[in-house]
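Counting convention: from 1, in listed order, for ligands and their atoms alike.
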Amino acid sequence: MALLSVLHSSPIHKPRLQFHQSPVTSRRCLSIVSCSSSTFDPGPATGTNGFPPEPIVSKNRRQTDENIRDEARRHHSTTKTTFSAKYVPFNAGPDSTEFYSLDEIVYRSRSGGLLDVQHDMEELKKFDGAYWRELFDSRVGKTTWPYGSGVWSKKEWVLPEIDPDDIVSAFEGNSNLFWAERFGKQFLGMDDLWVKHCGISHTGSFKDLGMTVLVSQVNRLRKLKRPVVGVGCASTGDTSAALSAYCAAAGIPSIVFLPANKISIAQLVQPIANGAFVLSIDTDFDGCMKLIREVTSELPIYLANSLNSLRLEGQKTAAIEILQQFDWEVPDWVIVPGGNLGNIYAFYKGFKMCQELGLVDRIPRLVCAQAANANPLYLYYKSGWNGFQPVKANSTYASAIQIGDPVSIDRAVYALKNSNGIVEEATEEELMDAMSLADSTGMFICPHTGVALTALIKLRNSGVIGPQDRTVVVSTAHGLKFTQSKVDYHSNAIPDMACRYANSPVQVKADFGSVMDVLKKFLENKTPKTEVGK
Ligand SMILES: Cc1ncc(COP(=O)(O)O)c(C=O)c1O
Ligand SMILES: N[C@@H](CCOP(=O)(O)O)C(=O)O
């Protein structure tokens, strides 16, 4: 503290180079600004070699009694945003005048249709693509509140008006874009295959990206004294995990409706541990969804499913992140597993915003992949988009997408039609084989990612996806949430499934000879013959 007070009163200001926004040209300019004492650390008096040391310039140096939220509060009090967003009816024509403030509690348009969050694109367009690319790039990997989050590093495009103080974040996003080198080369003859690991996240799925936005807005609504006593969702296990974690972090009650015996133990224990009010209901996800919609229209419980378009504002940042991770080069294909169908639209929206705002010049083709046991979108696509019919979703190892009546069907169709998209499906055997094959190359993916990989395999085999096409498969949850599926597969315990890539443990007696016998046999199969027994 003593050192800091000395620094604060020090007359020595070191100039430093800094980007700043020119209000006239809308471009970022490089200029020399005076470095304030809170951002300049002169270091020790002399270096170890006797020469004066290079000054250490730390842009976000905080006082010791200040945390990152306090620091953001101090910065925020001097900055004012001109960006804004509102709810509008989804895919409304240019003549529509219907809109709602994001501070209203509304999930549906007057006609009962879906809503969308519409940003003031004219205001955002005052800044060119290079500005946005540079701004977003400058925030990656920092701890500056709230930009250390992959979602909030794009705050101006997400919830531009929310006070950073109201944000509830676990610094989600910034997930690994994994080069699937061996899987791509060995099984598909592809050199440029990538897996976006959205499941390597705070609660183990991509839902964190949307939930930080929704719970932050709820936090704001509660401060504004809006009637929100708790937040609720129906879930196949991942939405409930994310909701309960973010609500617990903010001290907001959460209520989750789960279909009894249809989600994994790892998923079930998440809301329980986070103190949610958990209802295990004797129905499927579609039944839970119907119930939560009825309940949230009666009680002051805010709806957290992706019917609520706020969620998709966070989820769309995964698409922006993919472009960013490729240095703003656009991949040819992005494959997303689909259930309630919010995420496929979120990806479309993220890519489209980047195109409209000049960060990239095109968008990738999107593929939505469904489990054959829960495939209403696939059937609709195959019918030539002729008369959507919900289905009764059957049990699938991809249990988080066991959904027969997806709430975002219209959004998904829009995304696919506008991205020259494709829908594929995966049988239980196909998705489990694909998951196991991917695991055998060093991944540890969930069955839903197995569905997406099956779509890739089919499209690659039919030549639709070419060997050189840069392709991203979106992995939506962590494999550790779905270990039972792997246990069943590797124990060859699934009726009517060959489990071709099962790798069962070998039972062996605890003596040296038995262990050696087993190992020799193993090595004989692995090692070129000439080397065995050397
Ligand atoms: C792991 C996982 N993958 C994929 C999905 C599908 O996402 P969406 O419902 O947005 O289509 C879900 C949830 O539905 C999920 O939990
Ligand atoms: N897979 C989801 C299903 C609900 O989807 P949502 O995106 O509408 O919340 C889950 O994990 O609950």
Visitor: Quick one: look at I403 and ligand 2, take heavy-atom pairs under 4.0 Å, and tell me if it's side chain, backbone, both or neither.
Guide: side chain
Visitor: S169 and E172: side-chain donor and acceptor closer than 3.5 Å?
Guide: yes
Visitor: Do any N/O atoms on S235 end up under 3.5 angstrom from N/O atoms on ligand 2?
Guide: yes
Visitor: Is the Lys NZ or Arg CZ of K352 less than 6.0 Å from the centre of F347's six-membered ring, within 45° of the axis?
Guide: no
Visitor: Heavy atoms, side chains only, cut-off 4.5 Å: are I301 and V231 in contact?
Guide: no
Visitor: Any idea which protein heavy atom is nearest atom 9 (O) of ligand 2, and the distance to it?
Guide: T239 OG1, 2.7 Å
Visitor: Scan for side-chain hydrogen bond (donor to acceptor under 3.5 Å, both in side chains) pairs involving residues 368-391, sequence neighbours excluded, and state none if there are none.
Guide: N375-E425
Visitor: Using a heavy-atom cut-off of under 4.0 Å, does the side chain or the backbone of M289 touch ligand 2, or both, or neither?
Guide: neither
Visitor: Under a 4.0 Å threshold between the charged nitrogen and the carboxylate oxygen, would K207 count as salt-bridged to D238?
Guide: no
Visitor: Will you find, in the side chains of H119 and E313, an N or O donor that is under 3.5 Å from an N or O acceptor?
Guide: yes
Visitor: For atom 8 (O) of ligand 2, what is the nearest protein heavy atom, given as residue, atom name and distance?
Guide: S306 OG, 2.6 Å
Visitor: Could you tell me the residue and atom name of the protein heavy atom closest to atom 5 (O) of ligand 2, and the distance to it rounded to 0.1 Å?
Guide: K207 NZ, 3.3 Å
Visitor: For the residue pair K86 and Y100, would you count it as a cation-pi contact if the rule is NZ or CZ under 6.0 angstrom from the ring centre and within 45 degrees of the ring axis?
Guide: no
Visitor: Check this for me, if you would: do K392 and D284 make a salt bridge, where the nitrogen-to-carboxylate-oxygen distance has to be below 4.0 angstrom?
Guide: yes
Visitor: Under a 4.0 Å threshold between the charged nitrogen and the carboxylate oxygen, would D163 count as salt-bridged to R220?
Guide: no
Visitor: What atoms of ligand 2 come closer than 4.0 angstrom to any heavy atom of F285?
Guide: 3 (C), 4 (C)
Visitor: Among I263, L341, T236, which one puts a heavy atom closest to atom 3 (C) of ligand 2?
Guide: T236
Visitor: Are Q267 and K262 close enough that a side-chain donor and a side-chain acceptor fall under 3.5 Å?
Guide: no
Visitor: With a 4.0 Å cut-off on heavy atoms, does G339 reach ligand 2?
Guide: no
Visitor: Taking only heavy atoms of R311 into account, list the atoms of ligand 2 that are under 4.0 Å away from them.
Guide: 6 (P), 7 (O), 9 (O)
Visitor: Yes or no: does C233 have any heavy atom under 4.0 Å from an atom of ligand 2?
Guide: no
Visitor: Centre-to-centre under 6.0 Å for F90 and Y345, is that the case here?
Guide: yes
Visitor: Return the option from D238, L307, L214 holding the heavy atom at the smallest distance from atom 11 (O) of ligand 2.
Guide: D238
Visitor: Taking it one step at a time, do Y107 and Y302 satisfy ring-ring contact (aromatic ring centres under 6.0 Å, His included)?
Guide: CA-CA 10 Å; Y107 316 115; Y302 193 78; 5.6 Å; yes
Visitor: Tell me whether R470 is salt-bridged to E329, with the criterion being a basic N under 4.0 Å from an acidic carboxylate O.
Guide: yes
Visitor: Heavy-atom contact check, 4.0 Å cutoff: does Q267 meet ligand 2?
Guide: no
Visitor: By number and element, which atoms of ligand 2 are closer than 4.0 Å to a non-hydrogen atom of N340?
Guide: 4 (C), 5 (O), 6 (P), 8 (O)
Visitor: Applying a heavy-atom distance cut-off of 4.0 Å, which protein residues contact ligand 1?
Guide: F206, K207, D238, P337, G338, G339, N340, L341, G342, N343, A400, I401, H448, T476, A477
